[in-house]
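These values consider heavy atoms only, across backbone and side chains, with no hydrogens, waters or symmetry-generated copies.
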Amino acid sequence: MPSAVQTLDISPVGRVEGDLDVRVNIQDGVVVDAWTQAELFRGFEVILRDKDPQAGLVVTPRACGICGASHLTCAAWALDTAWQTEVPRNAILARNLGQLVESLQSLPRHHYGLFMIDYTNKNYSKSKFYEEAVKRWSPFTGTNYEIGVTISGKPVEIYALLGGQWPHSSYMVPGGVMCAPTLTDVTRAWSILEYFRRDWMEKIWLGCSLERYEEIKTYDDFKAWLDEKPEHANSDLGMFWRMSEDCGMDKFGRGHGQFVSWGYLPHEDKYQKPTIDGRNAALIMKSGVYDGKTDQFKLMDQKYTREDTMHSWYDEPGGLHPFDRTTIPTQKNTTNMAGQYSWSTAVRHEENGRLEAGPLSRQLIAGGKHGESWQHYDPLVLEMYKKLGGASVMLRHFARMHEGVKLYRQAEHALREFKLNDPWYIKPTERDGRGWGATEAIRGALCHWIEVKDGKIKNYQIIAPTTWNVGPRSADGVRGPMEQALIGSPIRDVHDPVEVGHVCRSYDSCLVCTVHAHDAKTGEELARFRTA
Amino acid sequence: MANLLWLQGGACSGNTMSFLNAEEPSACDLVTDFGVNVLWHPSLGMELGDNLKKLLNSLTSGEMALDIFVFEGTVVNAPNGTGEWNRFAGRPMKDWVADLAKVAAYTVAIGDCATWGGIPATAPNPSDSEGLQFLKRKHGGFLGADYKSKAGLPVINVPGCPAHPDWITQIVVAVATGRGGDLSLDEFQRPKTFFTSFTQTGCTRNMHFAYKVSATEFGQRKGCLFYDLGCRGPMTHSPCNRILWNRQSSKTRAGMPCMGCTEPEFPFFELMPGTVFKTQTVMGVPKDMPTGVDKAGYIKLTAAAKAASPAWAEDDIFVV
């Protein structure tokens with residue numbers, strides 16, 4: 001006879017898109033059901049209504065201090081498509097570079113600050129890697145924690161050279177960028193990149209050169225690399241992989257098996273006259289929807305985006321495209337798991353349903369043969385996904401970190417391609433219209449829709465990766481991606497359910513969370529802990 | 001050893017991200033070298049096991065000393081003053097803030113949201129947000145105009161969107177090392193050491209300001225951003241061009257107009273149509289003058305500047 005269901009309330013979990021609470025039901029030591037709740041409403045879409053068309057450039061980077069460059073990228077391209085601007089080559093490169101260095105910053109900051117500290121949890125004290133994990137990854141005092149957290153500030157120094165500061169610059173504007181870097185800026189930027197590569201990427205993270213790592217094309221290559229030298233096996237990547245396998249991180253966190261990416265990094269020669277429809281064919285990193293069940297790929301298109309509100313605290317009809325939304329918050333946000341329970345909408349693809357956003361989605365889509373022949377192609381993570389039996393906490397985090405070398409190379413490309421005496425900005429004509437801008441923040445698909453009417457914003461809508469991932473059930477009752485991914489997680493200790501945290505953190509939702517564990521019968525609180 | 005608790009209300013985590021860019025001292029140095037005991041911070045990875053609520057309760061009951069209470073983000077009051085739109089650990093965050101502010105030796109507001117309401121409090125302020133002791137220029141805020149922390153100081157306001165990491169770390173170190181009494185605050189409760197000089201102080205475009213050479217559009221290396229592009233550097237108090245950002249630059253150096261984010265009115269003009277990145281003028285004269293300059297003085301100053309302007313001022317001086 002199955003044992004009684006225990007309910008754990010995890011509150012709060014959210015910080016960037018809002019505070020997130022999670023409830024999980026546990027039976028026989030395994031999560032059998034889950035609900036994710038966004039717990040903060042600031043109303044950025046409401047604030048932007050009737051404001052200056054360029055207000056999004058100021059306001060939206062401040063929606064999220066962690067991926068502000070990505071918001072700024074979306075805000076700028078959305079206005080570019082609405083105003084039908086021309087964006088000079090240099091400006092496309094400068095926008096891409098800003099976005100790239102923000103993502104490079106996030107690699108060590110998330111890896112050490114948010115993710116690896118869990119590997120020092122007593123839950124893993126029996127692992128043969130535990131002692132070394134504590135030495136390296138303990139908060140503040142861990143040898144590599146301190147190196148990683150401190151060096152994470154380096155890449156965004158390049159952002160400051162372009163935009164004056166990180167976070168929260170608004171240097172990307174319709175028609176280009178505000179800056180016009182000089183040779184000194186470019187040389188400094190090179191030097192900062194080199195420092196980051198030498199002192200962290202190669203020395204600590206990989207234990208080998210970027211070139212050696214780039215030789216890895218298949219899962220067998222990866223395993224051979226791991227065994228090749230102690231420097232590889234004992235690098236932070238090698239240790240992460242081996243300890244993850246040892247502790248079963250490859251065994252849970254599966255999810256729906258459906259993935260989305262808007263694609264990112266428009267090519268400097270292919271998107272100077274930006275349009276909504278022309279974007280897919282202009283991207284270095286292609287967009288896509290990947291169905292893991294049928295192994296099918298296709299391009300992603302914004303017109304298929306729908307937001308259900310049946311379980312969300314909004315008084316407006318569900319199933320709308322963002323251009324048709326009005327964002328009317330429910331005044332009394334009472335939690336009712338059968339009714340409304342989140343400030344997040346349930347985002348879905350009109351044809352493919354609920355989709356997971358994030359680095360794993362990007363890397364799976366990078367393995368598809370869809371898109372243009374010149375676009376980036378890398379089948380490694382797709383092969384791992386198939387051989388390892390689908391998504392997991394381990395694979396999701398590996399995909400995030402695997403992207404680092406590629407981001408680094410794209411940053412080099414931008415620096416190499418700047419033509420310092422060419423234009424950085426072409427003054428546009430302000431006009432009414434509809435626009436859409438998208439990118440991939442480090443944690444996944446981000447986009448903005450804008451409608452400008454009578455010289456002011458009529459409607460501004462944002463769908464963030466966290467909206468895709470932590471959304472509640474859709475109108476048809478299908479769980480959100482993270483709700484689904486939590487199912488099957490083993491919970492060894494209900495007083496310290498760190499596994500729930502692993503799943504949430506593997507999505508890199510930047511969620512700060514506290515877990516309350518309640519006994520299902522008495523409602524007594526059993527445990528409470530942070531998951532990010 | 002000083003106990004520090006950092007919480008976030010209606011926040012974007014931007015001040016935390018800025019704080020993590022710190023060097024000399026870094027976030028880790030605060031703990032290892034300066035005896036700051038971070039009891040809890042939303043993203044610094046302190047493991048609390050079963051004890052977050054117990055910890056908060058032991059602070060509010062006075063059982064454990066709360067030396068520094070850092071708050072980032074707005075205090076959310078919606079809906080109808082209940083604060084239910086921002087819940088934390090099972091209660092409205094505003095209730096935690098009220099209880100913790102009572103027991104804190106020093107209360108520090110980091111960033112515009114916590115100081116004056118910032119972006120979330122922009123009209124129509126849908127989340128009914130306010131700062132700890134101000135709403136825009138209005139003294140009072142969530143804690144009330146008379147609030148004093150146990151050390152006898154009002155909320156120490158470290159504004160900026162975000163605040164610079166050095167402004168944050170230096171205030172934390174000052175308080176943690178017993179130098180809290182050395183802090184002198186201005187009328188908006190900002191530490192004078194940072195917020196007496198202007199954003200323009202040290203700007204590389206100062207010569208162009210002096211000769212009234214304007215950057216009329218973006219993407220230019222020469223020209224001052226004040227005359228056409230809405231820069232607020234001459235009337236904003238901050239050390240952005242003395243203590244550089246990310247050790248490299250500042251917005252005005254890079255070509256982005258200062259938006260006045262260390263002042264209570266940010267974002268200025270509530271971002272109404274026609275106000276973003278455009279200098280607001282009346283009959284060709286800026287509506288907002290450099291601090292202390294009147295209209296007649298401004299007209300004389302710019303006429304003289306134009307007349308005296310050397311030919312080179314119209315050329316690039318920051319050449320490739």
Structural part of [X] lying under 4.5 Å from a heavy atom of chain A:
X	answer
K222(B)	neither
S18(B)	both
F277(B)	side chain

Rounded to the nearest 0.5 Å, what's the gap from [atom1] on [X] to [atom2] on [Y]? Could you check?
X	Y	atom1	atom2	answer
I192(A)	R247(B)	CD1	CZ	9.0 Å
S127(B)	F44(A)	OG	CZ	8.5 Å
I47(A)	N125(B)	CD1	CG	7.0 Å
I158(A)	N246(B)	CD1	CG	11.0 Å
S169(A)	M259(B)	OG	CE	10.0 Å
M178(A)	L229(B)	CE	CG	7.5 Å

Nearest non-hydrogen partners of [X] and [Y], listed with the distance:
X	Y	answer
F140(A)	A27(B)	CE2-O, 4.2 Å
P167(A)	G14(B)	CG-O, 3.5 Å
M272(B)	D52(A)	O-CB, 3.6 Å
V177(A)	F218(B)	O-CB, 4.0 Å
K51(A)	L271(B)	CB-O, 3.4 Å
A254(B)	G163(A)	CB-C, 3.9 Å

Practice task
Step through the shown structure and confirm whether more than 12 heavy atoms of other residues, nucleotides or ligands are within 6.0 Å of NZ on K278(B).
Solution key: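 Atom NZ in K278(B) is packed in, count exceeds 12.
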Handout entry: Atom NZ of K122(A) with >12 non-hydrogen neighbours under 6.0 angstrom
Key =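 Yes, NZ of K122(A) has more than 12 neighbouring heavy atoms, counting only those of other groups under 6.0 Å.
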Leading residue by heavy atom contact count with chain B [cutoff under 4.5 Å; candidates [options]]:
options	result
L420(A), N333(A), T182(A)	N333(A)
S170(A), G43(A), P53(A)	S170(A)
I426(A), T150(A), V58(A)	V58(A)
K456(A), H168(A), K332(A)	H168(A)

Just by distance, do the side chain of [X] and the backbone of [Y] share a donor-acceptor pair under 3.5 Å?
X	Y	answer
R42(A)	A11(B)	yes
R62(A)	I119(B)	no
K251(B)	Y171(A)	no
N421(A)	V320(B)	no

Handout entry: Largest heavy-atom contact set with chain A, pairs under 4.5 Å, which of Q220(B), E270(B), M17(B)
Key =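 Going by pairs under 4.5 Å, I would pick M17(B).
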With a 4.5 angstrom heavy-atom cut-off, could you sort out which part of [X] is near chain B: side chain, backbone, both or neither?
X	result
P181(A)	backbone
R49(A)	neither
D185(A)	neither
T327(A)	neither

Handout entry: With N21(B), the side-chain hydrogen bond (donor to acceptor under 3.5 Å, both in side chains) member among E157(A), Q165(A), R109(A), K154(A)
Key = R109(A)
Exercise for the section: Would you check if V46(A) and P124(B) make a side-chain contact, meaning some heavy-atom pair closer than 4.5 Å? Expected result: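 The answer is yes; the side chains approach within 4.5 Å.
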Exercise for the section: Report the C-alpha separation of W313(A) and W85(B) in whole Å, then their side-chain angles, then the decisive distance to 0.1 Å, and conclude whether the ring pair (Phe, Tyr, Trp, His ring centres under 6.0 Å) test is met. Expected result: CA-CA 10 Å; W313(A) 287 310; W85(B) 285 11; 9.5 Å; no
